[in-house]
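Have a look at the structure below, then the notes.
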Number of protein chains: 2
Amino acid sequence: MEVCITSLLRDKGFKVTPQRLAIYNMLSSTRSHPNAEMIFNELQAMYPTMSLATVYKTMEILKEIGLVQVLNAGEDSFRYDAVMTNHPHVRCTECGKVEDVYDVNIDAFVNEVSQGTKYQIMGQQFYFHGICPNCQRKNSN
Amino acid sequence: MEVCITSLLRDKGFKVTPQRLAIYNMLSSTRSHPNAEMIFNELQAMYPTMSLATVYKTMEILKEIGLVQVLNAGEDSFRYDAVMTNHPHVRCTECGKVEDVYDVNIDAFVNEVSQGTKYQIMGQQFYFHGICPNCQRKNSN
DNA sequence: TTTTTATAGAAAACAATTATCGAGTAATTT
DNA sequence: AAATTACTCGATAATTGTTTTCTATAAAAA
């Protein structure tokens, strides 16, 4: 993994810096789909000089070299995901968490749209929102 | 239609103003999914005192009374749609236009996600991006 | 090691959106 | 119809997420 990002950065002419490694490592070891501020807050402890601008600039680079995808889950800020397979996301409108959705057949759906619209579909984003099992339980109490 | 928005506004305690009618009429007679600025620009000619703030405030109200839906097609600004049936959208990455996608079966897909995640799904947004037939033709020349 | 080049991060800039507030106007009451 | 009330308009200012600028500094190349 480390090797991967290191050589990927270098191949594209970007420098390998501690900040970039830290940001990517943090992102790839969580499933919380953090936004820039969450990443910043978590890394600030270990990297006291870390700035939000660096997080944004790094995300830009990581997106460019194909290591992260940017999620727009209908909130006011972007979330980031180091899992690059294109999968839907579901956001809980009560507690705000964003989770992955696996085990659904996207391809058939995409094909249907492609044929119906005559568009050459390059990608898609599926966002669901609702109430997670946890919050459902809380609500019923 | 006019009757509908007029009474809807009044029932919810909002006043019926020329600006609100103009904004809603403009939105419901286009398929271009404009953002606030596009709406503002188009109406400024006929309503010289129209301001962007009014467009935003009106959209807030129209959303609240269920007359428009807000689209977040992965751009930097929101787009608005007076068609309230929940349908996917596809954006052309070349010319930027956003079109509706009809004739696809969403329900089965939503059910699949609902059962797989145990979430109580309240809504969803499907965004596709790609190249529209027009731009495909242009590109091949 | 030296030189070159890109980067980090503070601060300022930006753009979309939201809030504030006084004057104006629609709806309601008299 | 006039007066009252409450909501709204729109100029302006504020806010928020994100991007840019600038310069000392760290990483890569020589």
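For clarity, every value in this text was computed on a predicted model and none was experimentally measured. All values below come from the heavy atoms of this structure, side chains included, with hydrogens, waters and symmetry mates left out.
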Side-chain N or O of Arg20(B) closer than 4.0 Å to phosphate OP1/OP2 of dC9(D): yes
Check: Val113(A) main-chain N/O paired with Thr117(A) side-chain donor or acceptor under 3.5 Å: yes
Neighbour count >12 (heavy atoms, 6.0 Å) for atom NZ, Lys118(A): no
Classify the nucleic acid contact of Thr54(B) as base, sugar-phosphate or nothing, counting any heavy atom under 4.0 Å across all strands shown. base
Please determine whether a side-chain nitrogen or oxygen atom of Ser51(B) lies at a distance below 4.0 Å from atom OP1 or OP2 of dC9(D). no
If only side-chain N and O atoms of Tyr56(A) are considered, is one of them under 4.0 Å from the OP1 or OP2 phosphate oxygen of dT18(D)? yes
How long is the line joining CD1 of Ile61(B) and C1' of dA6(D), in whole Å? 14 Å
Just checking, is any N or O donor in the side chain of Gln136(B) or Tyr119(A) under 3.5 Å from an acceptor N or O on the other one? no
Closest-nucleotide ordering on DNA chain C, the 5'-leading residue of Asp76(B) and Ala53(B): Asp76(B)
5'-most contact on DNA chain D (nearest-nucleotide basis), Pro48(B) vs Gly13(B), goes to Gly13(B)
Minimum heavy-atom distance between Met26(A) and Thr30(A), given as atom pair plus value: O-CG2, 3.4 Å
Whole-Å distance between dT18(D) P and Leu71(A) CG? 12 Å
Could you tell me how far apart Leu43(B) (CG) and dG10(D) (P) are, to the nearest whole angstrom? 11 Å
Is there a path from Val83(B) to Val70(B) through hydrophobic residues (I, L, V, M, F, W, Y) whose side chains come within less than 4.5 Å of each other? no
For Lys57(B) and for Ala36(B), locate the closest nucleotide of DNA chain C by heavy-atom distance; then report the residue assigned to the nucleotide nearer the 5' terminus. Ala36(B)
Between P on dA27(D) and CZ on Phe14(A), what's the gap in Å once rounded to a whole number? 17 Å
Among Lys97(A), His89(A), Arg91(A), exactly one meets side-chain contact (heavy atoms from CB on, under 4.5 Å) together with His33(A). Which residue is that? His89(A)
Whole angstroms only, please: what is the CG-P distance between Leu52(B) and dA13(D)? 16 Å
With sugar-phosphate meaning primed atoms plus P, OP1 and OP2, does Ser77(A) contact a base, only sugar-phosphate, or nothing at under 4.0 Å between heavy atoms? sugar-phosphate
Under 4.0 Å between a Lys/Arg side-chain N and an Asp/Glu carboxylate O for Glu60(A) and Lys57(A)? no
What integer distance in Å separates Glu37(A):CD from dT15(D):C1'? 13 Å
Between atom CE in Met59(A) and atom P in dT18(D), what is the gap in whole Å? 11 Å
Base, sugar-phosphate or nothing for Glu60(B)? Non-hydrogen atoms, less than 4.0 Å. nothing
First and last nucleotide of DNA chain C touching chain B, 5' to 3', heavy-atom cut-off 4.0 Å? dA16(C) to dA27(C)
